[in-house]
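Everything below concerns the one structure shown next.
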Amino acid sequence: MNKYQPYSASDLDILMHEPWEISDQPYRLHAAYALSCLFETFQTDAEECGDEFSPNDMWGFKITKKILDRLVVDIESDFNDAASNYKQVRIWGKSYSIRKVNAYDHNRLHLIFKFPETDGDYTITQEGVMNLCGIVPDILQKYEISREKAQANRTYLRQIIMLAEDDVNNGWDKLTDMEVAIYCWALFYNKYQVDNWILFKQKYKEHLYVEEADIFGCFNEKAILRQCPIGMYTFSQNKVQEWNEANKQKSIAAEIPIQKAEDYWYDVALQSTFKPIDLQ
């Protein structure tokens, strides 16, 4: 019996599209690195055939057992070497530092993939990407965040960021009190990459206009269970909107077109205020 479980759909989405969010989590960063290396294997063949190939295109493809078995060993070796020698790894074309190098088991990384095998070939599946942090107990499964909710939480934060940084139109003054706390937490986490609520309160106490109990009540399910924030997207879009309505504070940020907020995030925020830590 495999003692590891597959990554959730929302986690996979982060691994494949926004690995900077988990650069302080070595198991997840390794998973992103492994997927990137696997994609490059297929991409090389596709380019030789003149075909366009994106990361999401590799699901369902087959790879020879011998090749993948060797690949995961090489990936483990390269990742551990980078961690031990303070080198960066290339993930989806960008370089990342491996933090908390003593916070993971260097000998289990080759177990990252558990794909179905037929006639000497593996079939690449989303369910075959293993979370090497360990099994999530059944009782905690209900606290896992769906891909749709995770996307909604990310989108809402990006709408908040765009409004907060709209100095021309006094965007900061248009945020709800809870949205101010959300923006400040995002700034803090992006800079320090730690879930340290006490340190956050020390640095941003003058901008926190709501009770701590109210803030905790707006966390997503996993963060509420732990009673502390988890990552940049620790707030639940649904719960924050409920808080806004209950406190009669209209969310202007939520009215910003989603694509416009996404464009701002990638074209402006990630190049300035929210520049990934490795590029700061």
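Remark: Phe61 CZ to Thr41 OG1 distance equals 12.5 Å, nearest 0.5 Å. Between the OH atom in Tyr183 and the OH atom in Tyr204 there is a gap of 8.5 Å [rounded to 0.5 Å]. With rounding to the nearest 0.5 Å, the separation of OG in Ser251 from CD1 in Ile160 is 6.5 Å. Distance NZ/Lys87 to CZ/Phe79: 12.5 Å, rounded to 0.5 Å.
A donor-acceptor contact closer than 3.5 angstrom is absent between the side chains of Gln249 and Trp243. A donor atom on one side chain and an acceptor atom on the other are found under 3.5 Å apart for Tyr122 and Asp69. The closest side-chain donor-acceptor pair between Gln151 and Thr155 falls under 3.5 angstrom. There is a side-chain donor-acceptor pair under 3.5 Å between Ser8 and Asp11. For the 3.5 Å distance criterion, the side chains of Arg108 and Tyr27 qualify, holding a donor opposite an acceptor. Neither side chain, Gln241 nor Asn238, offers a donor N or O lying under 3.5 Å from an acceptor on the other. With 3.5 Å as the limit, one finds a donor-acceptor pair spanning the side chains of Asn80 and Tyr104.
When side chains are defined from C-beta on, Asp121 does not count as touching Thr118, because their heavy atoms never get closer than 4.5 Å. For the pair Tyr7 and Asn131, the minimum side-chain heavy-atom distance is below 4.5 Å. The closest side-chain heavy-atom distance from Lys62 to Ile124 is not below 4.5 Å. With a 4.5 Å cut-off on side-chain heavy atoms, Leu68 and Leu38 count as touching. Taking the side chain as every heavy atom from C-beta outward, Lys149 and Ser236 never approach each other to under 4.5 Å. Within the 4.5 Å cutoff, no side-chain heavy atoms of Glu165 are placed close to those of Trp172. Residues Asn220 and Tyr233 have side chains not in contact (no heavy-atom distance under 4.5 Å, counting atoms from C-beta outward). When side chains are defined from C-beta on, Phe200 counts as touching Leu208, because their heavy atoms get closer than 4.5 Å.
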Determine whether Glu262 and Arg158 satisfy the following criterion, salt bridge (charged side-chain N to carboxylate O under 4.0 Å, His left out), listing intermediate values before the conclusion.
CA-CA 7 Å; Glu262 292 290 318; Arg158 292 167 188 179; 2.9 Å; yes

Step by step, would you call Asp173 with Asn170 a side-chain hydrogen bond (donor to acceptor under 3.5 Å, both in side chains)?
CA-CA 6 Å; Asp173 295 330; Asn170 298 315; 5.3 Å; no

Apply side-chain contact (heavy atoms from CB on, under 4.5 Å) to residues Asp78 and Val89 and explain how you reach the verdict.
CA-CA 8 Å; Asp78 292 344; Val89 289; over 6 Å; no

Tyr33 and Arg28: CA distance, side-chain angles, deciding distance, side-chain hydrogen bond (donor to acceptor under 3.5 Å, both in side chains) verdict:
CA-CA 9 Å; Tyr33 177 57; Arg28 283 180 164 81; over 6 Å; no

Kindly determine whether Ser36 and Arg90 satisfy side-chain contact (heavy atoms from CB on, under 4.5 Å), including the steps that lead there.
CA-CA 8 Å; Ser36 180; Arg90 295 280 292 178; over 6 Å; no

I would like to know whether Asp81 and Ser84 meet side-chain hydrogen bond (donor to acceptor under 3.5 Å, both in side chains); could you show each step before the answer?
CA-CA 5 Å; Asp81 176 67; Ser84 300; over 6 Å; no

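Following chains of ILVMFWY side-chain contacts shorter than 4.5 Å, one cannot reach Val194 starting from Ile198, and the two form parts of different hydrophobic clusters. By the criterion of side-chain heavy atoms lying less than 4.5 angstrom apart, applied directly or through intervening Ile, Leu, Val, Met, Phe, Trp or Tyr residues, Ile67 is grouped together with Leu35 in one hydrophobic cluster. A continuous path of hydrophobic side-chain contacts links Leu187 to Leu199 [ILVMFWY only; heavy atoms under 4.5 Å]. The hydrophobic clustering, which links ILVMFWY residues whose side-chain heavy atoms are closer than 4.5 Å, places Val240 and Ile230 apart.
Residues Trp92 and Leu15 approach most closely at NE1-O, 2.9 Å, considering heavy atoms. Pairing each heavy atom of Thr176 with each of Lys250, the nearest pair is CG2-O, 3.5 Å. The nearest pair of heavy atoms linking Cys184 to His207 is SG-CB, 3.7 Å. Residues Pro19 and Ala32 approach most closely at CB-CB, 4.1 Å, considering heavy atoms. Residues Ile75 and His30 share a closest heavy-atom pair of CG2-NE2, 3.7 Å. Met16 and Pro55 get closest at one heavy-atom pair: CE-CB, 3.5 Å.
Listed by first and then second residue, the salt bridge (charged side-chain N to carboxylate O under 4.0 Å, His left out) pairs that reach into residues 178-189 come to none, sequence neighbours excluded.
Judged by distance alone, the side chain of Gln159 and the main-chain N or O of Ile256 form a donor-acceptor pair under 3.5 Å.
Using a 4.0 Å cut-off between charged side-chain N and carboxylate O, Glu18 and Arg154 make a salt bridge. For Glu212 and Lys201, the salt-bridge test passes: some basic side-chain N is under 4.0 Å from an acidic carboxylate O.
With Phe274 as reference, Trp265 is the one residue of Tyr264, Trp265, Phe188 to meet the ring pair (Phe, Tyr, Trp, His ring centres under 6.0 Å) rule.
Taking the six-membered ring where the residue is Trp, the centroids of Phe219 and Phe216 are separated by under 6.0 Å.
Classified by interplanar angle (parallel below 30°, tilted 30° to 60°, perpendicular above 60°), the ring pair Trp185/Tyr189 is tilted.
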